[in-house]
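As the structure lists them, so they are numbered: ligands from 1, and atoms in each ligand from 1.
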Amino acid sequence: MQNSSSDATALPARHGARVRIDLPALAANYRTLAAAAGGAETAAAVKGDAYGIGIEPATRTLARAGCRTFFVALPKEGAIVRATAPEATVYVLSGLAPGAAPSLAAAGLRPVLGSMAEIEEWAAWKKAGGEGRAAIHVDTGMNRLGLTLAEAAVLAADPAAVDDLAPALVMSHLACADTPDHPLNALQAERFAALAARFPGRPASLANSAGIHLGAPFRFDLVRPGIALYGGRFGPGPALAPVATVTAPIVQVREVPGGETIGYGAAETLRRPTRAAILSIGYADGYPRAAGGADGRPGAFAFVEGHHVPLIGRVSMDLVAIDVTDVPSARRGVEVELFGPHVAVDAVAEAAGTIGYELLTRLGARLERVYAGGG
Ligand SMILES: *Cc1c(COP(=O)(O)O)cnc(C)c1O
């Protein structure tokens with residue numbers, strides 16, 4: 001166990017919420033995905049502070065588990081990966097900002113070139129003597145980043161230009177991989193296979209977490225899971241091991257007469273005399289405000305002393321109320337799980353009208369972080 005917030009040691013006993021990050025579970029999830037990847041290299045998406053769990057410890061853990069290739073959104077994230085895993089290959093998904101080629105290459109980062117403007121700038125810089133590697137991103141149906149199929153076909157028809165560019169990877173991204181029956185999946189795989197064949201000898205990559213499970217035609221040479229590594233749901237099947245567990249202590253327990261309201265806006269009227277436990281966690285910690293309960297709209301559940309109990313009333317900035325009427329052992333100081341092994345992060349996300357990805361990447365800076373298994 002290692003506690004990263006050592007500057008707080010002079011303060012009295014802990015009072016706030018914490019997130020416990022299970023690094024051995026992250027390593028185990030990596031190995032599970034690598035086994036499912038059917039011979040494709042298993043890379044890792046560590047953007048967004050490794051989906052909120054901490055980019056440095058995540059990178060270190062994944063590199064030790066055998067991961068050699070990392071995807072980040074931004075160069076500054078890439079610099080952290082580079083410093084943490086010096087041998088790793090690091091791709092920057094947001095591509096090439098104007099004028100950024102020399103600094104990216106000097107930092108040992110590979111831009112994922114996603115437009116003809118980026119390709120032209122990178123090619124011109126290489127022609128002028130610049131040395132660096134890059135990926136080419138082709139859009140097959142997402143309409144976000146990437147060359148159009150027509151642009152990619154024109155490029156592929158000029159082998160000398162492709163040789164000058166020497167792309168280390170040709171990639172695309174699935175829009176609906178978490179919905180296996182969506183017709184766009186097969187269409188994207190078909191388009192990408194045809195396109196990749198026009199870049200012979202260049203490794204190809206299409207699948208995110210969910211894409212790995214769509215079958216062999218989606219896996220190509222390299223897969224790029226993110227959410228599955230961190231224990232979030234990535235399709236209709238079960239998630240892998242939870243990595244982040246958020247808990248908060250009960251600050252006080254109060255008896256509230258039936259018929260009274262609880263919390264801001266008096267948004268929830270209690271139908272029975274209720275033992276309400278007030279927890280030291282709120283939206284300032286990244287727990288979503290929309291996960292609260294209000295009249296006629298149930299909120300998320302929490303887990304305390306072996307019981308699943310509902311949130312009651314709105315989530316405040318620093319506090320949350322739960323109904324512990326049926327859990328007599330829930331007392332001041334008792335620790336409550338907000339999500340983790342007993343409450344799926346995706347269940348809380350669903351109650352809040354969002355997805356597990358957003359909850360994880362929004363874990364707040366105020367949360368105490370505890371890394372199990374070294375950090
Ligand atoms: C974020 C991202 C991934 C990882 O996606 P998950 O759904 O988290 O597995 C893979 N590829 C690209 C291009 C991404 O942006």
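The contact shell of ligand 1, taken as protein residues with any non-hydrogen atom closer than 4.0 angstrom, comprises Ala45, Lys47, Tyr51, Leu93, Arg144, Met171, His173, Asn208, Ser209, Arg224, Pro225, Gly226, Ile227, Tyr357.
Relative ring orientation between Phe192 and Phe220 is described as perpendicular, the plane-to-plane angle rising above 60° on a 0-90° scale split at 30° and 60°. Ring geometry, Phe303 versus His342: the interplanar angle falls under 30°, so the pair is classed parallel (tilted spans 30 to 60°).
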Discussion item. For a side chain to side chain contact (heavy atoms under 4.5 Å, CB included) check, start with the C-alpha distance between Val256 and Arg254, then their side-chain angles and the critical distance, and finish with the verdict.
Written reply: CA-CA 6 Å; Val256 187; Arg254 59 192 309 120; 4.0 Å; yes
Worksheet entry | side chain to side chain contact (heavy atoms under 4.5 Å, CB included) between Arg110 and Leu169, intermediate numbers included | CA-CA 10 Å; Arg110 298 181 176 186; Leu169 187 70; over 6 Å; no
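Contact check on Glu268 versus Arg297 returns no salt bridge, with no Lys/Arg side-chain nitrogen under 4.0 Å from an Asp/Glu carboxylate oxygen. Ionic pairing of Glu77 and Lys47 is not present here: no N-O contact between side-chain nitrogen and carboxylate oxygen is shorter than 4.0 angstrom.
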